[in-house]
Amino acid sequence: MTSAPTAALTYLVAGQTGAHERQLARFDDDQWQEYLDLLSGLFVLTVDRRFRPGEPAAVIRFVASVRERFDPAGTAIDPTVAETLMHAALGQHDTLPATAETITAQTLLVVALVTDEGLSPAGLADLIDDTTTMLAAEPDQPAAVTPDGQPADHQPTDPT
């Protein structure tokens with residue numbers, strides 16, 4: 001059985017924005033966390049499929065293209081945030097805290113990355129399956145962007 005967060009992410013990458021929004025509206029806190037983990041996992045997977053470390057110009061060009069397609073007013077995606085998220089996914093930068101800005105950027109970047117691949121419905125399903133498999137194989141790995149506003153690699157310090 002598919003979880004509600006998995007279904008929501010599937011609707012997102014399939015371009016079914018109405019169904020995606022309806023699904024998100026029903027989430028409880030645990031489902032939001034699962035969704036953000038899935039979104040981050042899919043982001044890392046799709047960035048890794050398309051880019052290699054040490055290609056800053058390719059990342060800059062891609063972010064510019066995403067802004068042209070999804071942010072013509074230039075207010076939804078901060079290019080520095082988007083590029084930093086991508087470099088973090090490639091292991092070249094620390095992760096960013098989850099904010100509305102970082103989650104929006106990550107969502108639009110994922111949509112563009114998946115759209116650019118031109119996957120069939122079966123290919124989209126395989127991509128989501130690959131994401132859930134990747135996350136299940138690394139259960140102790142934090143999401144690239146965590147919902148509590150802390151860097152994903154943040155380790156609490158012991159004050160004693």
Side-chain angles (χ1 to χ4, degrees), residues 1-51 59 62-63 66-67 69-71 73 75-117 119 121 123-157:
M1 179 173 189
T2 301
S3 71
T6 301
L9 191 60
T10 302
Y11 291 138
L12 175 71
V13 298
Q16 298 176 9
T17 55
H20 174 252
E21 292 297 323
R22 285 188 298 277
Q23 196 76 36
L24 293 180
R26 296 191 295 253
F27 281 2
D28 61 24
D29 288 344
D30 290 339
Q31 289 170 317
W32 270 111
Q33 180 61 56
E34 182 182 345
Y35 178 79
L36 291 175
D37 289 345
L38 285 166
L39 178 66
S40 291
L42 180 59
F43 178 69
V44 169
L45 184 64
T46 55
V47 168
D48 185 60
R49 285 166 59 140
R50 179 149 176 188
F51 298 95
V59 169
F62 178 73
V63 169
V66 172
R67 293 183 75 218
R69 290 186 273 176
F70 299 111
D71 188 22
T75 58
I77 303 172
D78 178 325
T80 302
V81 169
E83 291 166 17
T84 302
L85 286 168
M86 293 185 67
H87 290 296
L90 292 167
Q92 296 179 296
H93 195 282
D94 291 338
T95 56
L96 297 175
T99 63
E101 180 180 44
T102 58
I103 293 168
T104 297
Q106 192 175 50
T107 300
L108 294 174
L109 291 167
V110 162
V111 169
L113 286 161
V114 172
T115 299
D116 288 356
E117 285 195 41
L119 299 172
L124 289 174
D126 289 345
L127 183 61
I128 298 295
D129 287 345
D130 290 348
T131 301
T132 57
T133 299
M134 178 184 73
L135 291 174
E138 300 175 3
D140 295 331
Q141 295 298 315
V145 177
T146 63
D148 63 359
Q150 295 296 316
D153 59 354
H154 173 75
Q155 296 294 321
T157 55

Value for CG (Leu45) from CG (Leu127), rounded to nearest 0.5 Å, stands at 5.5 Å
Of all heavy-atom pairs linking Ile103 and Ala98, the shortest is CD1-CB, 4.1 Å
Nearest heavy-atom approach of Ala112 to Val66 is CB-CG2, 3.5 Å
Sequence neighbours excluded, the answer for salt bridge (charged side-chain N to carboxylate O under 4.0 Å, His left out) partners of Glu117 is Arg49
Query - Heavy atoms from other residues, nucleotides or ligands near CG of Asp29 exceed 12 (cutoff 6.0 Å) - result: no
Taken to the nearest 0.5 Å, the spacing of Leu108 CG from Leu113 CG works out to 11.0 Å
**Prompt:** When the ring planes of Tyr35 and His20 are compared, do they come out parallel, tilted or perpendicular, using 30° and 60° as the limits?
**Reply:** tilted
Note: Arg26 and Gln31 closest approach over all heavy atoms is O-OE1, 3.6 Å
Applying salt bridge (charged side-chain N to carboxylate O under 4.0 Å, His left out) to Asp130 and not counting sequence neighbours gives none
To the nearest 0.5 Å, atom CG of Leu9 lies from atom CG of Leu24 at 9.5 Å
Item to complete: Examine distances only and state if a side-chain atom of Thr102 and a backbone atom of Thr99 form a donor-acceptor pair shorter than 3.5 Å.
Response: yes
dist Arg50:CZ -> Asp116:CG (nearest 0.5 Å) comes out at 4.5 Å
> For Asp37 and Gln33, does a side-chain donor sit closer than 3.5 Å to a side-chain acceptor?
Replying inline: yes
Sorted by chain and number, sequence neighbours left out, side chain to side chain contact (heavy atoms under 4.5 Å, CB included) with Ala19 holds for Tyr11, Gln16, Arg22
One should read off an interatomic distance between Thr107 OG1 and Leu12 CG, to the nearest 0.5 angstrom, of 6.5 Å
Thr6 meets the side chain to side chain contact (heavy atoms under 4.5 Å, CB included) criterion, sequence neighbours left out, with Thr2, Ser3, Thr10, Glu34, Leu38, Ile128, Thr132
Pairs of donor and acceptor atoms involving the side chains of residues 77-90, under 3.5 Å and at least two apart or interchain, shall be tabulated with distances.
residue: Asp78; atom: OD1; partner: Thr80; partner atom: N; Å: 2.8
residue: Asp78; atom: OD1; partner: Val81; partner atom: N; Å: 3.4
residue: Thr84; atom: OG1; partner: Thr80; partner atom: O; Å: 2.7
residue: His87; atom: ND1; partner: Gln92; partner atom: OE1; Å: 3.2

Paired with Val13, the side-chain contact (heavy atoms from CB on, under 4.5 Å) test is passed by just one of Leu119, Val110, Val111, namely Val110
What one should report as the nearest heavy-atom pair of Gly41 and Met134 is O-CE, 3.2 Å
Sorted by chain and residue number, the ring pair (Phe, Tyr, Trp, His ring centres under 6.0 Å) partners of Phe62 (sequence neighbours excluded) come out as Phe51
